[in-house]
Amino acid sequence: MTVTIVGSQLGDEGKGGIVDLYGDDVDVVARYQGGDNAGHTVVHEGEEYKLSLVPSGAIRGKVGVLGNGCVVNPRTLFDEIDTLQDRGLDPDVRIAERAHVILPFHRVLDGIEEEVKSESDQEVGTTGRGIGPTYEDKAGRRGVRVGDLLDPDVLRERLEYVVPQKRAVVEDVYGLDVDDLEDPDALDVDALFEEFRDFGRRFEAEDMTVNAGAFLSAAIDEGQNVMLEGAQGTIIDIDHGNYPYVTSSNPTAGGAATGTGLSPGVVGGGEIIGIVKAYLTRVGSGPLPTELGGVVGDTPGYDEQGEGENEELANYIREEGGEYGTVTGRPRRVGWLDLPMLRHSTRVSGFTGIAINHLDVLAGLDEVKVGHTYTLDGEELASMPATTEQWARCEANVRSFDGWPEADWQAVADEGYDALPENAKAYVEYIEDELDTPAYAIGVGPGRGETIVREQPF
Ligand code: IMP
């Protein structure tokens, strides 16, 4: 069977921890979208590993698959694999032949477009990893796929079409000189061909490429357990998120089917677990109706409501929760839990269960608030409106909960749900009731063992 893990908010909900928690019963972990914009830290046998592309399960001896919905930067991938091998591990990573390749010029274009947009305060605040430009080329039918790296003639043909076009964009649209770029080879057909042909040889030599849908279906037919791991979160989904402040793929559960080649029936026949952080964080631009203020730096493109208010509280939560980006190190914006957002995410992905993380971070506060509904133009809304401009005008109608004290969280995790402080239980039960979805797991600390496990999905 499959278990699909989906971020229900803006990414950074602690998906990796839940993948890890249920990982013992898993044979194969497959990512279905995104690329090296994601980041997770895995602690295994006392060693810490920071990864952005290699699925965390691969560190624990599982097969890790990057599905066709992913965009793969082979430089990052092989850096991570080499580092893991240097540290004595032998990760088994398979890459979909249909996945698209992030080429060096995609990063260059990501940077240039953000720079140009910033002149009119329209930048997205991307991770700068070339994600958007790679998906653009995929949709534009001019991308290079992993399978193309294995065939030199096809690779050269693709590069000879796409590279002159990108050079023209850099020079004629943006008015820049390619030779003045930090890495002019990023737009040189011969240099790209040599480097990426070598990556292709390595993929071939290590037998790393697969037809992902066929590979995963065969694993399921053999009775293996497959976990489908989304990166990022629902509100930065390109279709269901707050466009244009989104990533360029589908972190929601539908993406698990299109991004792996498993059918919607297979994905929907399994469990779909929404990962919920007990409060909100956001990196990058865009609205956040329950924002606590304390915004660090310039965050254009969102309503200024809340900025500066409750700054101390935001800073407290940011420090307690270690809310700094894994990939970029950027401080994250902080807000209260937003129920209209979660109702939207639950509907879009059809969560069969949720996991609530970081409940311990809120311990010690006198009062914990949530955005229960919104008011937009005098009307009460239970879910998010479809446009970002409307969302930015939403005012959160806040509900207040009595806070809960600090506890020995390891002991709470060991004893189980009943050991949670009463007020924390009231908070969890409110979320379960509002989403009509049971909490399968509750994270009360960063360690793998600091989780109350109420349900084993496999
Ligand atoms: P991109 O995915 O680099 O194009 O960035 C687009 C938007 O998604 C930006 O607001 C990023 O901050 C956000 N984003 C991308 N990856 C992550 C992630 O792993 N966690 C949180 N936000 C992310």
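Each ligand, and each atom within it, is numbered from 1 in the order the structure gives. Note that the numbering runs from 1 along the sequence shown for the chain.
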J.: Centres of the F78 and F203 rings: under 6.0 Å?
T.: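 Judged by ring-centre distance (under 6.0 Å), F78 and F203 do meet the cut-off.
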J.: Check ligand 1 against V283 and write out every atom of the ligand that is under 4.0 Å from a heavy-atom position of the residue.
T.: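 Under 4.0 Å from V283, ligand 1 has these atoms: 10 (O), 12 (O), 21 (C), 22 (N).
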J.: Of the side chain and backbone of R330, name the one, both, or neither that has a heavy atom under 4.0 Å from an atom of ligand 1.
T.: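 It is the side chain that gets close, since no backbone atom is under 4.0 Å.
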J.: How far is atom 2 (O) of ligand 1 from the closest protein heavy atom, and which atom is that?
T.: T247 OG1, 2.6 Å
J.: List ligand 1 atoms under 4.0 Å from D12, heavy atoms only on the residue side.
T.: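 Result: 20 (N), 21 (C).
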J.: Tell me whether ligand 1 is touched by Q232 - counting only heavy atoms on the residue side and a distance under 4.0 Å.
T.: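 Per 4.0 Å heavy-atom rule, Q232 contacts ligand 1.
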J.: Would you call D82 and R202 a salt bridge, taking side-chain N to carboxylate O under 4.0 Å as the test?
T.: yes
J.: Let me know which of N37, T252, D237 forms a side chain to side chain donor-acceptor pair (under 3.5 Å) with Q232.
T.: N37
J.: What residue and heavy atom of the protein are closest to atom 14 (N) of ligand 1, and at what distance?
T.: I236 CD1, 3.7 Å
J.: Decide, yes or no, whether a salt bridge links D12 with K277 under the criterion of side-chain N to carboxylate O below 4.0 Å.
T.: no
J.: May I ask you to decide whether R343 forms a salt bridge with E434, counting only side-chain N to carboxylate O separations under 4.0 Å?
T.: yes
J.: Would you say T126 and ligand 1 have an N/O pair spaced under 3.5 Å apart?
T.: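 Looking only at distances, the answer is no, because the N/O contact criterion of under 3.5 Å is not met.
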J.: Inspect the contact between E195 and R75 and indicate whether a charged nitrogen and a carboxylate oxygen are less than 4.0 angstrom apart.
T.: yes
J.: Which is it for D110 and ligand 1 at heavy atoms under 4.0 Å: side chain, backbone, both or neither?
T.: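 No part of D110 is near ligand 1 at this cut-off.
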J.: Report yes or no: does a heavy atom of A231 sit under 4.0 Å from some atom of ligand 1?
T.: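 No.
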J.: Mark the output for R282 as yes if a heavy-atom distance to ligand 1 is under 4.0 Å, and as no if none is.
T.: no
J.: Can you tell me if V246 has a non-hydrogen atom under 4.0 Å from ligand 1?
T.: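 Judged by the 4.0 Å heavy-atom criterion, V246 does count as contacting ligand 1.
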J.: Identify whether the distance between the nearest side-chain nitrogen and carboxylate oxygen of R454 and E432 falls below 4.0 Å.
T.: yes
J.: Does ligand 1 come near enough to G11 that some N or O of the ligand is less than 3.5 Å from an N or O of the residue?
T.: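 So ligand 1 has no N or O lying under 3.5 Å from an N or O of G11.
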J.: For S248, is the nearest heavy atom under 4.0 Å from an atom of ligand 1?
T.: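 Heavy atoms of S248 never come under 4.0 Å of ligand 1.
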J.: What atoms of ligand 1 come within less than 4.0 Å of a heavy atom belonging to A38?
T.: 19 (O)
J.: H358: which residues meet the side chain to side chain donor-acceptor pair (under 3.5 Å) condition with it, sequence neighbours left out?
T.: none
J.: Regarding ligand 1, does T127 bring an N or O atom to under 3.5 Å of one of the ligand's N or O atoms?
T.: yes
J.: Considering heavy atoms of the protein only, find what lies nearest to atom 11 (C) of ligand 1 and give residue, atom and distance to 0.1 Å.
T.: G125 O, 3.5 Å
J.: Has ligand 1 got any nitrogen or oxygen that is less than 3.5 angstrom from a nitrogen or oxygen of N37?
T.: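 Looking only at distances, the answer is yes, because the N/O contact criterion of under 3.5 Å is met.
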J.: Check the angle between the aromatic planes of F401 and Y427 and answer parallel, tilted or perpendicular using the 30° and 60° thresholds.
T.: perpendicular
J.: What are the atoms of ligand 1, with element, lying closer than 4.0 Å to any heavy atom of L10?
T.: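 That gives atoms 21 (C), 22 (N) of ligand 1.
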J.: Between R393 and D377, does any side-chain N to carboxylate O distance fall below 4.0 Å?
T.: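 A salt bridge links R393 with D377.
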J.: Answer yes when E182 and R107 have at least one side-chain N-carboxylate O distance shorter than 4.0 Å, and no when they do not.
T.: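 No, E182 and R107 are not salt-bridged.
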